[in-house]
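Below: one structure, written as structure tokens.
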Amino acid sequence: RSWQLPLVLAGLAGLVLAPLAWTLREPPRVGAGAATPPLAELARWIARHARAFVAHHGGFALLSMSGYAVNVWTVFLLERHLGMAKTTASTSYGLVLGLGGAFGVLLGGVLADRWRARGVVDANVRVGALAGFVAAPFAFAFPLVGSAELALFLLVPLSIATAAGFGVAAAGVVELVPPVLRGRASAVYLFVINAAGLGLGVQVGWVAEH
């Protein structure tokens, strides 16, 4: 069926791109081969640095929640509220999200690298914070305008800023912990933002009804 075709194409693209992983060079690992510490050690580390983890995970969880809400609801808003045809709304927002997201991830990484080269040791976190501040006014504005074209125009910087934040968020996690804790710390971070985004952000329809 027609709705299945994009899923098949996305899967085929993955099969084509996956072999490129073999071309990546594995960087040298600090403490490679060390025994995996118990989860309690990570919990103690997080407790000792609670302000950093609450700020990082909490901030990006909220960004994830708003990002999922925008992704789920925007096509319906363009169609029902602003009168755009469903196919046009889906295609237009898909282009905005895909192109803006790809550019945003690269932009966040480039900006973080430049700040780090200037001696900003927490560049990843700072870029994430900047992305959140930049995204906020566009997130507030685009649902309130009376034109589908203007809404899509405002969604471009919103998509770029949101993606720029997530591009550096995971990199910021590994800077909060010793090398031996990075794997589990990353898992905790992914759990938190997905619980907020997929668990709460997609409930925007229920919120709208009530």
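Numbering starts at 1 and runs along the sequence shown.
- Checked by atom type and distance alone, the side chain of Thr23 pairs as donor or acceptor with a backbone atom of Leu20 at under 3.5 Å.
- Residues Met84 and Glu79 have side chains not in contact (no heavy-atom distance under 4.5 Å, counting atoms from C-beta outward).
- Listed here is the closest heavy atom pair of Leu82 and Ala151: CD1-CB, 3.9 Å.
- When atom types are taken as modelled, the side chain of His81 and the backbone of Leu77 share no donor-acceptor pair closer than 3.5 angstrom.
- Tracing side-chain contacts under 4.5 Å through hydrophobic residues (I, L, V, M, F, W, Y), one reaches Val145 starting from Val156; they form part of the same cluster.
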Problem - Residue pair Phe142, Thr74: steps toward the side-chain contact (heavy atoms from CB on, under 4.5 Å) verdict - result: CA-CA 9 Å; Phe142 91 89; Thr74 291; 3.7 Å; yes
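- Atoms CG and CG, from Leu97 and Leu152 in turn, are 11.5 Å apart once rounded to the nearest 0.5 Å.
- Cluster annotation: Tyr93 and Trp73 are assigned to the same hydrophobic cluster (Ile/Leu/Val/Met/Phe/Trp/Tyr, side-chain heavy-atom contacts under 4.5 Å, transitive).
- Hydrophobic clustering places Leu181 together with Leu39 (ILVMFWY residues linked when any side-chain heavy atoms are closer than 4.5 Å, directly or through intermediates).
- Between Phe53 and His57, the two ring planes are perpendicular [angle over 60°; tilted spans 30° to 60°].
- Considering all non-hydrogen atoms of both residues, Gly197 and Tyr68 come closest at CA-CD1, 3.3 Å.
- Of all the heavy atoms in Val202 and Val72, the pair that sits closest is CG1-CG2, 3.8 Å.
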Problem - Chi angles and distances behind the side-chain contact (heavy atoms from CB on, under 4.5 Å) call for Phe140, Leu144 - result: CA-CA 7 Å; Phe140 277 112; Leu144 303 178; 5.6 Å; no
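- Atom CZ of Arg51 has 12 or fewer neighbouring heavy atoms from other residues, nucleotides or ligands inside a 6.0 Å radius.
- Going from atom CG of Leu200 over to atom OG of Ser64 covers 9.5 Å, rounded to the nearest 0.5 Å.
- Closest non-hydrogen pair, Ala61 versus Ala196, comes out as O-CB, 3.6 Å.
- A distance below 6.0 Å separates the ring centres of His56 and Tyr189.
- Smallest separation of non-hydrogen atoms from Gly109 and Val168: N-CG1, 4.2 Å.
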Exercise for the section: Take Ile46 and Leu42 through the side-chain contact (heavy atoms from CB on, under 4.5 Å) test and state the conclusion after the steps. Expected result: CA-CA 6 Å; Ile46 292 176; Leu42 174 61; 3.9 Å; yes
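- Relative orientation of the Phe166 and Phe60 rings is tilted, given thresholds of 30° and 60° on the angle between their planes.
- Taken to the nearest 0.5 Å, the OG1 atom of Thr162 stands 9.5 Å off from the CG atom of Leu155.
- Of all heavy-atom pairs spanning Val174 and Ser186, the tightest one is CG1-OG, 3.9 Å.
- Separation of atoms CZ (Arg80) and CG (Leu78) is listed at 11.5 Å; rounding is to 0.5 Å.
- Using a 4.5 Å cut-off on side-chain heavy atoms (C-beta onward), Leu198 and Ile193 make no contact.
- Looking at heavy atoms from C-beta onward, Ser147 lies out of side-chain contact with Phe153 at the 4.5 angstrom threshold.
- In this structure, Leu154 is a member of the same hydrophobic cluster as Leu158, with clusters built from ILVMFWY side-chain heavy atoms closer than 4.5 Å.
- The cluster map of Ile, Leu, Val, Met, Phe, Trp and Tyr, joined by side-chain heavy atoms under 4.5 Å apart, puts Val177 and Val188 in the same cluster.
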Going by atom type alone, with no hydrogens or angles, which donor-acceptor pairs under 3.5 Å involve a side-chain atom of residues 123-139 and a protein atom two or more places apart or on another chain?
unit_1 : atom_1 : unit_2 : atom_2 : d
Asn124 : ND2    : Glu175 : OE1    : 3.4
Asn124 : ND2    : Glu175 : OE2    : 3.0
Arg126 : NE     : Asp122 : OD1    : 2.8
Arg126 : NE     : Asp122 : OD2    : 3.3

